[in-house]
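Each residue takes its place number in the sequence, starting with 1.
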Amino acid sequence: KLKNYLSKGEDIMQAKLGDSIIIIGNATKDATYSLVGSKNTPNCKWSMAIGKDANDQTIFANCEAWTRLAGIAKDIKKGDPVLVIGKVEEHEYNGKTYKTLVADWVQFVGSAKQTTQVQPQEPQNEGFETLGDNLDDLPF
């Protein structure tokens, strides 16, 4: 069920879908791409302006993408309109709690850039059967 978090008097482009958050906004700086840890896992970080609160203050979101999505997100430049779907993670640093939206989906929107969609990673669950294109193969 899609629950909209737009409150009266606020202009925030954010919604919640199950455990996931959906935001849309403009990148506030170029994304930073790095390889992390002993396995050199691709990681990309960027921030976005996603709207204004009731006091006309800009609301920012810190975002992060891993593996294949990091390869897409590394092309984010300052000012690019971006849609992100992901889950919020919290971490403590020097007594403060920080939140980051860890992306499950990244999409350039309303841009002259070529859009690239990355399908979510395959579930690790066993027991799924791959079906062909023939509708007669469907089990129902």
Answer whether the closest heavy-atom distance between the side chains of [X] and [Y] falls below 4.5 Å.
{"X": "Lys99", "Y": "Asn62", "answer": "no"}
{"X": "Cys44", "Y": "Glu64", "answer": "no"}
{"X": "Asp104", "Y": "Ser20", "answer": "yes"}
{"X": "Thr28", "Y": "Trp46", "answer": "no"}
{"X": "Trp105", "Y": "Ile22", "answer": "no"}
{"X": "Tyr33", "Y": "Pro42", "answer": "yes"}
{"X": "Asn43", "Y": "Thr41", "answer": "no"}
{"X": "Val82", "Y": "Val106", "answer": "yes"}

If two hydrophobic side chains count as joined below 4.5 Å and joins carry through other members, does [X] share a cluster with [Y]?
{"X": "Val102", "Y": "Val36", "result": "yes"}
{"X": "Val109", "Y": "Ile85", "result": "yes"}
{"X": "Ile50", "Y": "Val88", "result": "yes"}

Donor + acceptor pair across side chains of Glu92, Thr97 (<3.5 Å): yes
Thr32 versus Lys45, side-chain donor and acceptor atoms under 3.5 Å: no
Inter-residue atom distance Lys29.NZ - Met48.CE, 0.5 Å rounding: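 If we round to the nearest 0.5 Å, Lys29:NZ and Met48:CE are 13.5 Å apart.
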Gap separating the CG atom of Asp53 from the CD1 atom of Ile59, nearest 0.5 angstrom: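 One gets 5.0 Å once the value is rounded to the nearest 0.5 Å.
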What's the shortest heavy-atom distance between [X] and [Y], and which atoms?
{"X": "Thr58", "Y": "Ala49", "value": "CG2-CB, 3.8 Å"}
{"X": "Ala103", "Y": "Leu69", "value": "O-CD1, 3.5 Å"}
{"X": "Val84", "Y": "Cys63", "value": "CG2-SG, 4.4 Å"}
{"X": "Ala70", "Y": "Ala65", "value": "CB-O, 3.5 Å"}
{"X": "Phe108", "Y": "Ile72", "value": "CE1-O, 4.0 Å"}

NZ (Lys87) with more than 12 external heavy atoms under 6.0 Å: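 Enclosed: over 12 neighbouring heavy atoms sit under 6.0 Å from NZ of Lys87.
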Set of salt bridge (charged side-chain N to carboxylate O under 4.0 Å, His left out) partners for Lys78, sequence neighbours left out: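 Testing Lys78 for salt bridge (charged side-chain N to carboxylate O under 4.0 Å, His left out), a comparison that skips the adjacent residues, returns none.
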